[in-house]
Amino acid sequence: MLCVTSTAYSPAELLHRLRARTSASPVTHIEEIPARTGRTAPWPSWAAPDVIAALTAHGIAQPWEHQAEAASLAAQGTHVVIATGTASGKSLAYQLPVLSRLHDDPRATALYLSPTKALAADQLRAVAKLSLDGVRPATYDGDTSREEREWIRQHSRLVLTNPDMLHHGLLPGHSRWATFLRRLSYVVIDECHAYRGVFGSHVSHVLRRLRRLAARYGGSPTFVLASATSGDPADAASRLTGLPVTAVTTDTSPRGATTFALWEPPLLPPEDPSLDLPPVRRSALSETADLLADSVVAGTRTLAFIRSRRGAEVVATMTRRALDAAVPGLGDRVAAYRAGYLKEDRRKIERALLSGELLALASTNALELGVDLVGLDAVLICGYPGTRASLWQQAGRAGRAGGEALAVLIARDDPLDTYLVHHPSALFGRPVEATVLDPANPYVLGPQLCCAASEAPLTAADLEMFGGDAARAAVEGLTASGALRRRPSGWYWTHPGRPDVDLRGAGGAPVSVVESSTGRLLGTVDQTSSHVMLHTGAVYLHQGVTYLVDDLDLDDAIALVHQEEPDWSTHARDVTDVSVLGVRSSVQAGPVGLFLGEVEVTGQVVSYQRRRIGSGEVIDTKPLDLPVRELRTVAVWFTITPQALDAAGVKPPDVPGALHAAEHAAIGLLPLMATCDRWDIGGLSTANHVDTEAPTVFVYDGHPGGAGFAERAYATAAAWLSATREAIAACSCESGCPACVQSPKCGNGNNPLHKLGAVQVLDTVLTALSTTDPNEADAP
Ligand SMILES: [Zn+2]
Ligand SMILES: [Zn+2]
């Protein structure tokens, strides 16, 4: 085998080589993140000597200060969240108090919750190898057999599970867990930043249900949460658990210096200069594959993160091909890595990368990677992963103690990516996003109260825990509608069977996507999105594989699909209308109004177009017969008077296109402010709206009752809309492209769009808002 490691370049030299590769530099910014030396603390005096001995034997000489601080808070019974970077050793912060307690009190139990099975499995391995007597750690999830479950209930003192299992299994069957719950001393919530939006709001109530039942049996556990660095982690953890939580955020683990480069793929030379076509950028995938090949040649151990499974495979294949063409056999040192591979295969690949046998991996998201896979030389991030928190989590895989590392963010053709590579201050030196969730969402609260009542009657005192006034109002409504029955001892769930509540969606049974030939369930899509994504004839992408929908049956909530790779794409035409139900808050700034309120969105998918991939040529338009969808949610909207638009230079025929373009870009940029992605939100723009009687742009939360995104947009309106304006203005295209004002989810086929008009609209709004109280629209 050809050994290239002996000629390895340092990450800085590698970056230099990468930049030299293209003449027009694709590097738009370089951020030098300095090295940090670690600070250790002595083992806390309360910690069990046997636990300390086991940890020491596994290579932990002493805890870092932040680990000791969080562990000691937890040991005193203070609910605590530790929010520090990747590889900062968050798990020791909960292992130390939990294992010490289980050691010192042979009856005590603890519960560990993680958002993925893979993470629970990692944690199980980490605890099991410490071989502490009597802990008997066990994972309890959908794969656990009936016999194992029985054994776990009776004997395990550290149960590793997930919120779905808690919701569907453990809590409804709480009487069988009575002893475990009575002795419950700790609840560990790992990767708690994953609980956001509607899912996070559901999980917040699952945790309240857990607290309530534990209390019934006499247990009052201490909560220990671990989070990626996030904005205001104490507040987010407190919303999630309903308890006061203390945050530990100072990372005292050592880190090597990291060079972080922002990279915008170059424009391609026009294929036919005689045609006046808009310029096209080289795809982020090809660019990533080239960079990955270069880093292999340089002997650098590199991990590339790609957003889709197919993307990861494509990058691995392109990289291997390029390397084999240069040096036959060199391609063997690159592999793809993604969910869907067997666990053993994934661990084997990770070990090969750590040992240097493999030099490069093209991987899907970081959560699936084993926790040990850190300390690499370089990380390439193909496309902004959606949040600064995930960006840092991915970049954090690079960097050995004492060594230097390289991270590169490669922009995709998308307004947010374009904005970020030209506005490094939006990424560096500012806190990561606050995790948004809303336990008071009535569409979550009502069903969750039914679940709670079915587990044990709800008392007036319980309602305080579930949200006070909001919970009292919800229970009143549920009693009036007959879902609950009031008796002297409380509110009862009186129906046969348990309430059917899905933590990962709200409103309507999710549509199952089933492969016709095999009967295999590929996944589920919520009712609302199914009309757009799964209508009969739609091209449906599932984790990188392309399917065609043969039939969407809404009555049975099932879509039958088959695998096919057509050379056309489908675009649903969605006719949407928004009516304003109420205004919660507003700002009137001269000709501009900014509002937050409840709206009803009605939408109907009426037809779809088939378009040729590449040229975008329309092949045909087919009608669809789908019912009207209704969504009651929260929206933020702004209005501008026609006079102000005219004064800004937007002529009447251009108004619809200008507003529409501003709406698209605003939706694309909202993830900068809130932990949502553009698929969580929808929009509508109109030159004259019946309720506002003015040109209006609505941006609404795509989840019934709202998930907190519109509130966040309203609170950060000035920062959000000025980033939107910058993203459009900075794009080098002439009249709009996917990197600025076009949207992949437009229900109107991206028509009409007026790029310049959008900038003029946003300038008008921003100028007007800047004259009002700045507290009305604070920076994120
Ligand atoms: Zn553009
Ligand atoms: Zn649109």
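Here the structure is a predicted model, which is why all the values come from computation and not from measurement. Whatever order the structure lists ligands and atoms in, that order sets their numbers, starting from 1.
- A donor and an acceptor atom, one from each side chain of Y608 and T621, are nowhere located under 3.5 Å apart.
- Angle NE2 (H660) to the Zn ion (ligand 2) to SG (C746): 110°, rounded to 10°.
- Side-chain contact, S770 with T767: no donor N or O sits under 3.5 Å from an acceptor N or O.
- The Zn ion (ligand 1) forms the vertex of an angle spanning SG of C740 and SG of C731; to the nearest 10 degrees it equals 120°.
- Between F428 and W392, the two ring planes are perpendicular [angle over 60°; tilted spans 30° to 60°].
- With the Zn ion (ligand 1) as the vertex, atom SG of C733 and atom SG of C737 span an angle of 110° (nearest 10 degrees).
- In D620, the CG atom is crowded: over 12 heavy atoms of neighbouring residues, nucleotides or ligands sit closer than 6.0 Å.
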